[in-house]
Structure formats: C-alpha cells, structure tokens
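Just so it is clear, the values below take in all heavy atoms, side chains as well, and ignore hydrogens, waters and symmetry mates.
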Amino acid sequence: MNLGRTPNDEPTYTCPMCRQRVRGRQVNNDLPTNLKDMFHPTPWADGLPYDHISSFQKAHFNSLDQHLVRKEREAIKLDKDIELAKRICEKHYLEMDRLRMERKQLEFHLRAVAHQAQIKKEEQQRRNARTSVPPTVKHEKSHNENRQKRKLSTTVNPQNVARLAQHLAALVPLPFSTEN
C-alpha cells in the first residue's frame with residue numbers, strides 16, 4: 001500500500017506533548033484518502049478494511065501508551081530527585097544553623113576570655129604600680145583617694161552645701177570664697 005510521500009520529505013512540526021521538533025504529517029482534510037482512512041474512528045461502519053486500520057491504530061495507541069509510561073517514569077524519577085534535593089537542602093540548612101549558633105557561642109566565649117584577660121592585665125598593672133611606690137606614700141595616697149571618692153559619692157543637699165564647700169576648700173584651695 002502506498003501512503004503518499006517518502007519519510008525524507010515530510011515536514012517537521014513541534015509535538016504538543018514532548019515539545020520537540022518531529023517529522024510527520026498533520027491530520028486534516030489535506031491528507032490523501034488512504035491516510036484519512038487510517039485515522040477513521042469507525043472503519044467497519046463505512047465498509048473499510050477493518051483489520052488493517054485496526055492494527056495501524058493499535059500500533060499508534062501502543063506507541064502513545066509507551067510514551068506516556070516513559071514520561072510517567074521520568075516524572076516519578078524527577079519527584080524522587082526533588083525530594084532528595086529537598087532533604088539535602090534541609091540537612092545543609094540545619095547544619096549551617098548549628099554552625100552559626102556554635103560560632104556565636106565561640107564569639108561570646110572569646111569576648112568573655114578577652115574581657116577577663118583585660119581585667120587580669122589591669123590588676124597586674126595595679127599590683128606593679130603598688131610595688132613600685134614606697135609603702136608610706138602608697139598608704140597616704142590610697143587614703144586620700146578613698147576619702148575623695150567617699151566625698152564625691154555622697155549626695156548633695158541644700159542644707160549641706162556650706163559644709164561640703166568647707167570640706168572641698170580644705171582639700172583644694174579655691175580662688176573665691178563660698179561664704180557670704
């Protein structure tokens with residue numbers, strides 16, 4: 001049976017299912033009668049050779065079924081790949097979150113250690129300064145510092161202003177007098 005043109009001169013079309021360029025023929029009224037008969041929905045009703053048309057249509061249905069099964073397998077495989085990628089991403093996200101928390105804890109610990117080291121360094125400098133000053137001067141100096149600190153730390157009342165001024169005048173000579 002002659003089906004018309006040879007396969008080499010068939011035009012190419014974009015398949016609506018797989019979106020690829022394929023060679024083939026469009027099924028419309030421009031086809032020769034013998035090809036139109038191959039796609040007839042009820043060939044037995046019009047007295048066409050049913051066996052030949054039926055085997056042709058079954059072969060195309062089987063081809064379509066195989067194509068659908070392949071695409072379904074590909075879709076299942078892609079779903080599995082996506083699920084695996086999601087699990088890997090979740091695992092990486094949790095690991096990065098854990099590492100971020102660990103980094104923050106280490107930074108906090110580092111700051112605490114640096115602060116402690118600074119305090120120890122200052123204490124050592126104070127000890128070195130104490131040992132370099134003679135004992136009598138050291139005692140007198142610390143006694144004066146403590147007295148000044150106590151006086152500065154007290155709160156100021158309007159009733160005690162004159163008394164505080166006298167204490168300050170005794171410690172530091174003022175260029176002006178506070179008494180009226």
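In this structure, Leu68 CG and Ser63 OG are separated by 9.5 Å, a value rounded to the nearest 0.5 Å. Note that NZ of Lys71 and CG of Leu78 are 9.5 Å apart. Values are rounded to the nearest 0.5 Å. With rounding to the nearest 0.5 angstrom, the CD atom of Glu72 is 15.5 Å from the NZ atom of Lys77. Rounded to the nearest 0.5 Å, atoms OG (Ser55) and NZ (Lys58) are 8.5 Å apart.
Asp65 meets the salt bridge (Lys or Arg N to Asp or Glu O under 4.0 Å) test with no other residue; sequence neighbours excluded. Residues forming a side-chain contact (heavy atoms from CB on, under 4.5 Å) with Thr42 (at least two apart in sequence, or on another chain): His40, Trp44, Ala45. For Glu102, the side chain to side chain donor-acceptor pair (under 3.5 Å) partners at least two apart in sequence or on another chain are Arg98. Taking Lys80 as the reference, nothing meets the side chain to side chain donor-acceptor pair (under 3.5 Å) condition, with sequence neighbours excluded. Take Asp46 and apply the salt bridge (Lys or Arg N to Asp or Glu O under 4.0 Å) test, not counting sequence neighbours, and it matches no residue. Not counting sequence neighbours, the partners of Arg127 by the salt bridge (Lys or Arg N to Asp or Glu O under 4.0 Å) test are Glu123. With sequence neighbours excluded, no residue forms a salt bridge (Lys or Arg N to Asp or Glu O under 4.0 Å) with Glu83. Judged as a side chain to side chain donor-acceptor pair (under 3.5 Å), and not counting sequence neighbours, Asp79 has no contacts. For the side chain to side chain donor-acceptor pair (under 3.5 Å) test, residues two or more places apart in sequence or in another chain that qualify with Arg21 are Thr12, Thr14.
Note on Arg103 versus Glu107: salt bridge recorded, some NZ/NE/NH1/NH2 to OD/OE distance being below 4.0 Å.
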Contacts under 3.5 angstrom, residues 110-122 side chains, donor-acceptor by atom type, not counting sequence neighbours:
residue : atom : partner : partner atom : Å
Gln118  : NE2  : Glu122  : OE2          : 3.3

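By the rule that hydrophobic residues join a cluster once side-chain heavy atoms approach within less than 4.5 Å of another member, Leu48 and Met38 end up as members of one cluster.
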_Derivation and outcome, salt bridge (charged side-chain N to carboxylate O under 4.0 Å, His left out), residues Glu74 and Arg70_ = CA-CA 6 Å; Glu74 288 176 11; Arg70 275 195 310 268; 5.7 Å; no

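His60 has its ring centre less than 6.0 Å from the ring centre of Phe56.
Think of Ile88 as one node in a network of Ile, Leu, Val, Met, Phe, Trp and Tyr side chains linked at under 4.5 Å; its network also takes in Leu84.
Heavy atoms from other residues, nucleotides or ligands lying under 6.0 Å from CZ of Arg73 number 12 at most.
In this structure, Asp97 contributes its side chain and Tyr93 its backbone to no donor-acceptor pair below 3.5 Å.
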